[in-house]
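Working notes, structure below.
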Amino acid sequence: MKKLALHWQILIGMALGVIFALIFTNFSWGADFIGDWIKPFGTIFIKSLKLIAIPLILAALIKGITDLKDISSLSKMGTRTIITYVITTVMAVSIGLVVVNVVQPGKSITEETRNELVAAYGGDAAMKAAASKKQQESGPLQALIDLVPENIIEASSNNRNMLQVIFFAIFFGIALILIPEEKGKTVKDFFDGVNEVILKMVDLIMLAAPYGVFALLAALVVEAPSADLFVALGMYALCVVGGLAIMIGIYLVLVKVFTKKSPGFFLKGIAPAQLLAFSTSSSAATLPVTMERVTEHLGVEEEVASFVLPVGATINMDGTSLYQAVAALFIAQAFGIELSFSVQLGIIATATLASIGSAAVPGAGMVMLVGVLGYAGIPEAGLALIFAVDRPLDMCRTVVNVTGDGAVSMMVAKSQGKLGDPHVKEWDDNYVG
Ligand code: ASP
């Protein structure tokens, strides 16, 4: 019998997780049962994905760079990648601004609801604001300083330091290209092998994906806030989700125009990574799967994917930047603050930078949103307004972040003549479809 395609298996897992939780919340012990006996399996699933993110970045980037063989191809690909990432991010923020200006969701928030939300979520919002303050207090070149690790073991010990690991891997890869080939061969072969092993680990973890997402979604349902809040914030949430949907449409057009691949082909290839992004709210945790899908199912050659994707997972967050623009204007509208056209133009720049600076982990976009609010003179207390629906929106924006990385990797691969046919590994029989 033909095995069900992976994205269907994951979707069924997600749906069953939601149904299971909805049934169990009817019992007084249901939420505790899910928290104690179901949620841990979701946590284990995410942890095992995160576990391989740093070794994957190291091995894949070093392999990718040495496969390029010379520095000029690396700088050509690097420049194209960064420029494309910035362009898509600016497009995303602009879409967010247009949607929120047209719909004006903040205007429908009554003063009563606003006060209620501030009272209920003010404490949580203050914590996010404090986390962000720490980042803002540093000098203008702090981001550059932070890019360079002083100890690679220490940098690799925290998934939040991915940019530092990327810096080390690129530096190491460049040095490896510069030494005589016969001297570097053993090292290169070693990293090639490690890369293969890690991709196999991804395959094995993905066998558990339908069960992992079942547990994750069941836990999310029992922890979700009351439905009333969703109604109050419904227009805002719809603006974010609508903007994100437009962005997905733009990727499909870009992929079609630049690579001639059909939307169906792209979506089918990337779908498991999207579903995982949705379930985990983390581009970093999803990275190993994005890598596997893009190389084996979308035809991007490994040397391109292993550079473009790790960099994208950390700096290219189109969904996050779009959300930050919508959220900032929503809060301004709710507080009755008019933002001039020039301030809104400034939001394009700050949201682009804030999304680049957001870590690829759940909730990071909201921490960096504080910077955008500060720039535009919008009260930080406004974070409390959007807190309740942030998790579901985080799930959706992470899908767009990951989809954007996949689309750009195909475009860069095409421009480098490195977009081939999909090639699911022969020994890999886990995937059908
Ligand atoms: N969760 C997002 C990601 O990992 C970041 C964010 O917007 O909070 O891509």
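Atom set for the values below is all heavy atoms of this structure, side chains included, hydrogens, waters and symmetry mates excluded. This is a predicted model, so every value here is computed, not measured. Whatever order the structure lists ligands and atoms in, that order sets their numbers, starting from 1.
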Is the backbone N or O of G365 less than 3.5 Å from a side-chain atom of Q324, with the two atoms forming a donor-acceptor pair by type?
yes

Output the set of protein residues with a heavy-atom contact under 4.0 Å to ligand 1, ordered first by chain identifier and then by residue number.
S281, S282, S283, M317, T320, A359, A360, V361, P362, G363, A364, G365, D394, R397, T398, N401

Parallel, tilted or perpendicular, as decided by the 30° and 60° cut-offs, for the rings of F20 and F33:
tilted

Can you confirm whether F335 is buried at CZ, in the sense that more than 12 heavy atoms of other residues, nucleotides or ligands lie under 6.0 Å from that atom?
yes

Taking K39 for the side chain and D36 for the main chain, is one N or O donor matched with an acceptor at less than 3.5 Å?
no

For the residue pair L322 and V93, establish whether any side-chain heavy-atom pair is separated by less than 4.5 Å.
no

May I ask you to check whether F41 and Y211 place their ring centers less than 6.0 Å from one another?
no

